[in-house]
Amino acid sequence: DGGITQSPKYLFRKEGQNVTLSCEQNLNHDAMYWYRQDPGQGLRLIYYSQIVNDFQKGDIAEGYSVSREKKESFPLTVTSAQKNPTAFYLCASSTSGSDLGGSNEQYFGPGTRLTVT
Amino acid sequence: AQSVTQLDSHVSVSEGTPVLLRCNYSSSYSPSLFWYVQHPNKGLQLLLKYTSAATLVKGINGFEAEFKKSETSFHLTKPSAHMSDAAEYFCVVSRGNNRLAFGKGNQVVVIP
């Protein structure tokens, strides 16, 4: 079955600790994304990667870091510098090469709910 | 900047009655538009997408949406609501470089 897996589903951490969220895809997609979802806020883009070994900051990158060493994997680290880390985190992937202004649809994983106390 | 506006953050419909979720977009170029659905504590699933072909787009589970450039709208409809339609719905517009901009969502409650 092709798809995106995120682990774990629920994650609990103490304030001041870094934590890494896993995202793996077997769709052979070039592009991968991380979003943060808070109630009533929609999804906000944290980081995205169009190709292996390259990534760009999204709209709310402060306090987060990523790596893209393999096409299939795009882990997100929530650092202690992130002021409000408690949220639902969603990973997505898509094919690349869309027209200017257009976008290909993104496929989403099931999400990781992070709680920091 | 590309953005979408979804009014009515919470929508209640009776089972068997029509569903209408409104979406207005802002884009400086010809956009791609999407509707996604999210069930509680799950990822997002694509309902339908518009990419400058037909203006009336049919999606999964009986949903459809009509692209109206003159009104900058992309409203989502379904003729008859089912209990399984209770979920959150997001209108989404492309923002270039393969990125998307999400609306704040419509939480749909279906009353039996």
Side-chain angles (χ1 to χ4, degrees), chain A residues 3-10 23 25 29-51 54-61 87-115, chain B residues 1-11 21 23 25-53 57 59-60 65 67 69 74 87-107:
Chain A
I4 301 178
T5 56
Q6 291 186 245
S7 60
K9 189 174 175 67
Y10 297 95
C23 176
Q25 55 100 357
H29 286 166
D30 287 316
M32 296 187 75
Y33 312 81
W34 273 105
Y35 294 92
R36 171 184 172 132
Q37 184 177 22
D38 298 283
Q41 295 292 316
L43 275 67
R44 293 182 289 168
L45 183 64
I46 304 172
Y47 269 97
Y48 62 106
S49 167
Q50 301 275 39
I51 198 166
D54 188 41
F55 50 82
Q56 288 80 39
K57 292 181 179 179
D59 304 306
I60 56 165
F88 190 49
Y89 290 88
L90 288 156
C91 179
S93 71
S94 74
T95 56
S96 59
S98 63
D99 294 335
L100 175 65
S103 283
N104 301 319
E105 66 264 33
Q106 294 180 10
Y107 296 79
F108 285 82
T112 292
R113 186 165 296 281
L114 173 64
T115 302
Chain B
Q2 289 67 43
S3 65
V4 293
T5 301
Q6 293 180 252
L7 300 176
D8 306 322
S9 60
H10 289 79
V11 176
L21 302 179
C23 173
Y25 70 91
S26 170
S27 179
S28 47
Y29 27 66
S30 183
S32 299
L33 289 156
F34 310 83
W35 276 97
Y36 281 86
V37 62
Q38 184 182 32
H39 288 90
N41 292 309
K42 303 285 188 190
L44 277 69
Q45 179 184 20
L46 181 69
L47 275 179
L48 49 81
K49 65 177 178 179
Y50 166 78
T51 53
S52 75
V57 182
I60 62 171
F67 174 73
K69 186 175 181 179
F74 190 56
E88 189 156 23
Y89 294 79
F90 293 97
C91 182
V92 184
V93 66
S94 57
R95 49 189 287 210
N97 205 21
N98 246 2
R99 295 171 301 158
L100 301 176
F102 288 76
K104 292 187 189 286
N106 299 117
Q107 187 68 53

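What you see below is based on every heavy atom in this structure, not just the backbone, and it leaves out hydrogens, waters and symmetry mates.
Taking 4.0 Å as the cut-off between side-chain N and carboxylate O, B:Arg95 and A:Asp59 count as a salt-bridged pair.
No donor-acceptor distance shorter than 3.5 angstrom exists from the side chain of B:Asn41 to the backbone of A:Gly111, with no hydrogens or angles considered.
Side-chain contact between B:Tyr36 and A:Gln106 is present, with at least one heavy-atom pair separated by less than 4.5 Å.
Interface check for chain B: of the options A:Gly58, A:Pro110, A:Ser94, the most heavy-atom pairs under 4.5 Å are formed by A:Pro110. With chain B as partner, the option from A:Arg113, A:Gln56, A:Gln50 having the largest number of non-hydrogen pairs under 4.5 angstrom is A:Gln50. The residue among B:Gly105, B:Gly103, B:Gly43, B:Ala101 with the most heavy atom pairs within less than 4.5 Å of chain A is B:Gly43.
Of the inter-residue distances, the one linking A:Tyr35 atom OH with B:Leu100 atom CG reads 4.5 Å to the nearest 0.5 angstrom. Summarising the geometry, atom NZ belonging to B:Lys104 is positioned 10.0 Å from atom CG belonging to A:Asp38; distances are rounded to the nearest 0.5 Å. In this structure, OG1 on B:Thr51 lies 8.5 Å from CD on A:Glu105, to the nearest 0.5 angstrom.
Looking at A:Gln37, only its side chain comes within 4.5 Å of chain B, counting heavy atoms on both sides. Contact annotation for B:Gln6: neither backbone nor side-chain heavy atoms come within less than 4.5 Å of a heavy atom of chain A. B:Leu46 touches chain A through its side chain: at least one heavy atom from C-beta onward sits under 4.5 Å away, while N, CA, C and O do not.
The heavy-atom pair separating A:Leu43 from B:Phe90 by the smallest distance is CD1-CZ, 4.3 Å. Minimum interatomic distance between A:Thr95 and B:Asn98 (heavy atoms only, all atoms of both residues): O-ND2, 2.9 Å.
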**Item:** Derivation and outcome, side-chain hydrogen bond (donor to acceptor under 3.5 Å, both in side chains), residues B:Asn97 and A:Tyr48
**Value:** CA-CA 10 Å; B:Asn97 205 21; A:Tyr48 62 106; 3.1 Å; yes
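Annotation: A:Ile51, atom CD1; neighbour count of heavy atoms from other residues, nucleotides and ligands within 6.0 Å does not exceed 12.
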